[in-house]
Amino acid sequence: NSGDVLDLMLRDAAVVGELFSPAQVALSSCIYNYILFLLSLIVLAVVSVVLGVPLTWHVIEAVIPLTILFILSIGAGMVLSTVCVFFRDMEYLWDVVLMLVMYCSAIFYKISSMGQGLILIKLNPLYGIISNFRAVLLEGHSMFNSYSYGVSNLKLFAYSGTCSVVLLIFGIYVFKKNQDKFILHI
C-alpha cells in the first residue's frame, strides 16, 4: 500500500532518529507490502483454477514483471517518503494521483477502445507490467514473442524495466540527499 510509505517517516519518527540509515524504514515498508501482494496472488491462482484458465510453462515468466514491479515500488517509495517529510499534504494528494495512475493502467478495460488516449496509457510503465503479467498468466503466451494491441510485450518489458530502474536510481538519490534533513522536519 503506497499510503504506508507516504507517512512512514512521520509515523516512525523515533525509529528514524535511532537508525543509522532511515532507508531501512522505507525499504522494510516496501518489502512488507510487496510480500502481502505476493500472498494475494494465491487468491488469483485459486480463481484462475476455478475459471479454467489454462496453465502453461510461461507462468514462470511472471517473475519478471513482478520483479520490475518491486523495483518500481521501491523507487516510488523512496521518492514519496522523502517528499512527504517536507510536504505533508502529499499524503492526501497521493490518493488522487494514484487513482489517475490506476485509470491510466488499463486494469479494468481494454485499451482498444481508447483511441487517442492510447498513447498516454502506453507511456505508463505500469501498463507494460500489467500487459506482460496478463500475457503470461491469462493468455498463456511468452512475453518475449507476443503482442499487446500492436505493441511487442518485449518492448513494453524494456520500457517498464528502464522506467523502474531510472525511478529506483532517482529515488535513492533523492532519499540519500535529503535523509540528513529528515530529523529536522519530523
A.B. asks: I need the minimum non-hydrogen distance between Leu167 and Ala76, along with the two atoms involved.
C.D. replies: CD2-N, 3.7 Å
A.B. asks: Could you tell me whether the side chain of Leu66 reaches within less than 4.5 Å of the side chain of Phe37, counting heavy atoms only?
C.D. replies: yes
A.B. asks: What residues, two or more places apart in sequence or in another chain, satisfy side-chain hydrogen bond (donor to acceptor under 3.5 Å, both in side chains) together with Ser164?
C.D. replies: none
A.B. asks: Considering residues at least two apart in sequence or located in another chain, which fulfil the side chain to side chain contact (heavy atoms under 4.5 Å, CB included) criterion with Leu39?
C.D. replies: Ile35, Ile42
A.B. asks: Identify, with sequence neighbours excluded, every residue that meets side chain to side chain contact (heavy atoms under 4.5 Å, CB included) alongside Val43.
C.D. replies: Val47
A.B. asks: Give the cluster check for Leu41 versus Val136: same hydrophobic cluster or not, with ILVMFWY residues linked at side-chain heavy-atom distances below 4.5 Å.
C.D. replies: yes
A.B. asks: Shared ILVMFWY cluster between Ile31 and Met78, side chains joined below 4.5 angstrom?
C.D. replies: yes
A.B. asks: Taking the side chain as everything from C-beta on, heavy atoms only, tell me whether Phe86 gets closer than 4.5 Å to Asn178.
C.D. replies: yes
A.B. asks: Applying ring-ring contact (aromatic ring centres under 6.0 Å, His included), can you list everything that pairs with Phe170, at least two apart in sequence or on another chain?
C.D. replies: none
A.B. asks: Please examine the side chains of Leu69 and Leu126, heavy atoms only from C-beta on, and report whether any two atoms are closer than 4.5 Å.
C.D. replies: yes
A.B. asks: Rounded to the nearest 0.5 Å, how far apart are CG of Leu138 and OG of Ser48?
C.D. replies: 6.0 Å
A.B. asks: Which residues pass the side chain to side chain contact (heavy atoms under 4.5 Å, CB included) test with Leu137, not counting sequence neighbours?
C.D. replies: Leu44, Val59, Ala62, Phe133
A.B. asks: Atom CD1 of Ile71 and atom OG of Ser160: how far apart are they, to the nearest 0.5 Å?
C.D. replies: 11.0 Å
A.B. asks: Looking at every non-hydrogen atom in both residues, tell me the closest pair between Cys30 and Gly77 and how far apart they are.
C.D. replies: SG-CA, 4.2 Å
A.B. asks: Going by ring-ring contact (aromatic ring centres under 6.0 Å, His included), name the residues that satisfy it together with Phe157, two or more places apart in sequence or in a different chain.
C.D. replies: none
A.B. asks: Sequence neighbours left out, what passes side-chain hydrogen bond (donor to acceptor under 3.5 Å, both in side chains) with His58? Give chain and number order.
C.D. replies: Glu61
A.B. asks: Quick one: pull up CD1 in Ile129 and CG in Asn124 and give me the separation to the nearest 0.5 Å.
C.D. replies: 8.5 Å
A.B. asks: Do Phe70 and Leu98 belong together in a cluster built from hydrophobic side chains that touch within less than 4.5 Å?
C.D. replies: yes
A.B. asks: Report whether Leu55 and Met143 are members of the same hydrophobic cluster (ILVMFWY, side-chain heavy atoms less than 4.5 Å apart, transitive linking).
C.D. replies: yes
A.B. asks: For residues Val165 and Leu168, determine if any side-chain heavy atom of one lies less than 4.5 Å from a side-chain heavy atom of the other.
C.D. replies: no
A.B. asks: With sequence neighbours left out, what residues match Tyr173 under side chain to side chain contact (heavy atoms under 4.5 Å, CB included)?
C.D. replies: Lys177
A.B. asks: Quick one: does any side-chain atom of Thr67 pair with a main-chain N or O of Val63 as donor and acceptor, under 3.5 Å?
C.D. replies: yes
A.B. asks: Decide whether Val101 and Ile74 are clustered together by the hydrophobic rule: side chain heavy atoms of Ile, Leu, Val, Met, Phe, Trp, Tyr closer than 4.5 Å, transitively.
C.D. replies: yes
A.B. asks: Would you mind reporting whether Ile64 and Asn132 have side-chain heavy atoms less than 4.5 Å apart?
C.D. replies: no
